[in-house]
Amino acid sequence: MLYYAAPMEGFTDRVWRQTHQKWFGAQGAADRYYAPFISPPENRVLIKKKMAELAPEANPGAPVIPQLLAKDGELAAWMIGQLRALGYTEVNLNLGCPAGTVTAKGKGSGMLRDLAKVDAFLNGVFSHAEGPVSVKTRLGVEKPEEFAAILEIYSRYPISELTIHPRVMRQQYRGQADRAAFAAALPRCTMPVCYNGDVTTAAQLHALEEEFPALSGIMVGRGLIADPALFRKARGGAPATKEELRGYLTDLYHGYTELFGSAGCAISRMKGHWFYLIHCFAGAEKLEKQLKKLREPWEYEVVVNQIFTLPLVENN
Ligand SMILES: Cc1cc2nc3c(=O)[nH]c(=O)nc-3n(C[C@H](O)[C@H](O)[C@H](O)COP(=O)(O)O)c2cc1C
């Protein structure tokens with residue numbers, strides 16, 4: 001079974017992808033790292049800063065899959081051509097993002113409101129782009145029953161892999177991923193299918209593999225930020241040690257400080273990582289509150305040093 005790192009805006013950028021492979025790569029790297037979405041520019045002029053994220057020289061190691069958030073199929077196909085010119089093979093299309101600012105424009109899972117638009121979008125992409133194009137989707141807008149009709153549209157196109165996050169748009173990230181709806185949809189899928197949603201432990205990964213042996217992959221987002229050794233553990237390796245977590249978080253902090261040119265900006269990015277990862281440490285509630293409030297680099301360093309005096313939770 002292949003394990004993929006989910007695209008997560010604000011988390012799975014190039015600094016994280018490289019740092020994750022440096023510290024956990026030997027046995028714990030993702031088989032593929034999906035990059036957070038980029039939107040193809042309407043004037044077809046590439047934005048240097050955005051493209052720097054995908055520069056091949058900044059992304060050595062395991063394959064990176066760029067992801068596009070778009071609603072104009074021809075424009076997306078043009079962007080796919082640009083990414084192919086950089087050496088990327090697979091490109092992923094985002095039909096899952098539930099953020100209001102995205103769905104209001106009819107993008108992400110907002111496109112699932114109008115299946116004629118999904119059809120026209122995919123037609124535009126597949127009639128103008130070559131090579132593997134995968135899709136990441138939710139089950140629908142309001143209720144999972146919508147997925148049958150959505151899948152009927154997807155089945156018209158040579159989608160290289162369909163990643164299904166079994167929530168609907170309205171749900172955002174509330175409730176639980178609907179495994180029953182996923183199980184019902186899977187036999188009707190004609191393309192390779194990847195499961196995504198609410199996986200946080202190696203045992204859960206193994207249980208999914210057993211329940212759905214036909215899956216081509218399992219994609220993990222928040223669970224991998226919370227436990228960067230998750231894939232290593234699933235492959236029979238050791239949990240993260242304190243030294244590894246220390247090295248990983250220090251490299252992330254320095255990497256972001258260099259990328260943003262400011263430790264203050266790096267701290268706000270690090271707070272995102274800590275939001276998930278602090279649960280590796282036992283008894284961190286008080287320090288978690290301090291971490292949320294602090295602003296200065298020296299405060300950050302003091303609180304992080306204190307967190308590292310705490311024991312790791314067992315079987316972290
Ligand atoms: C902060 C955040 C940013 C995300 N950014 C993206 C994104 O850029 N593209 C995308 O397809 N999904 C994005 N997602 C959704 C994740 O890829 C994934 O589908 C979701 O978190 C469920 O998987 P998980 O339970 O393993 O985290 C994002 C999710 C979060 C929480």
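Order of listing sets the numbers, starting from 1, for every ligand and every atom in it.
Residue contact annotation: Gly197 has a non-hydrogen atom under 4.0 Å from ligand 1. Ligand 1 does not have Tyr34 within reach: every non-hydrogen atom of the residue lies 4.0 Å or more from it.
Of the listed options Lys136, Arg138, Met8, Lys136 places a heavy atom closest to atom 12 (N) of ligand 1. Counting only non-hydrogen atoms, the option in Tyr173, Phe275, Phe11 that gets closest to atom 28 (C) of ligand 1 is Tyr173.
Atoms of ligand 1 found under 4.0 Å from any heavy atom of Val220 (numbered from 1 in listed order, with element): 26 (O). For ligand 1, the atoms lying closer than 4.0 Å to a non-hydrogen atom of Pro36 are 8 (O). Every atom of ligand 1 with a heavy atom of Asp198 under 4.0 Å away is listed here by number and element: 24 (P), 25 (O), 26 (O).
The single protein non-hydrogen atom nearest to atom 7 (C) of ligand 1 is Pro7 O, 3.6 Å, given as residue, atom name and distance. Looking from atom 23 (O) of ligand 1 to the surrounding protein, the closest heavy atom is Asn196 ND2, 3.0 Å. Atom 26 (O) of ligand 1 has its closest protein heavy atom at Gly221 N, 2.8 Å. In this structure, atom 11 (O) of ligand 1 lies nearest to the protein heavy atom Gln67 NE2, 2.7 Å.
A cation-pi geometry, defined here as NZ or CZ lying under 6.0 Å from the six-membered ring centre and within 45° of its normal, does not hold between Arg269 and Phe260. For the pair Arg232 and Tyr3, the NZ or CZ position fails the cation-pi test of under 6.0 Å to the six-membered ring centre and within 45 degrees of the ring normal.
Residues Tyr157 and Asp119 bring a donor and an acceptor atom of their side chains to less than 3.5 Å of each other. Using a 3.5 Å distance cut-off with no hydrogens or angles, the side chains of Arg246 and Asn305 do pair a donor with an acceptor. Remark: the Asp13 side chain and the Tyr256 side chain contain an N/O donor-acceptor pair separated by less than 3.5 Å.
Checking side-chain atoms of Gln21 against main-chain N and O of Ala62 turns up a donor-acceptor pair under 3.5 Å. Looking only at distances, a side-chain donor or acceptor of Gln27 sits under 3.5 Å from a matching main-chain atom of Arg235.
Ligand 1 has an N or O atom lying under 3.5 Å from an N or O atom of Asn94, backbone or side chain. Polar contact with ligand 1: present for Glu9 (N/O pair, distance under 3.5 Å). Backbone and side-chain nitrogen or oxygen atoms of Tyr276 are examined, and none is located within less than 3.5 angstrom of a nitrogen or oxygen of ligand 1. No N or O atom of Ala6 sits closer than 3.5 Å to an N or O atom of ligand 1. Where the criterion is an N or O separation shorter than 3.5 Å, residue side chain and backbone included, Phe37 meets it with respect to ligand 1.
One hydrophobic cluster, built from ILVMFWY side chains closer than 4.5 Å, cannot hold both Val220 and Tyr4; they sit in different ones.
For the side chain to side chain donor-acceptor pair (under 3.5 Å) criterion with Ser134, the lone passing option out of Gln67, Glu90, Arg32, Glu161 is Glu90.
Contact check for Leu224 versus Thr12: no side-chain heavy atoms found under the 4.5 Å cut-off.
Under 4.0 angstrom from ligand 1, the non-hydrogen atoms of His165 all belong to its side chain.
Ring geometry for His165 versus Tyr173: interplanar angle of 30 to 60°, hence tilted.
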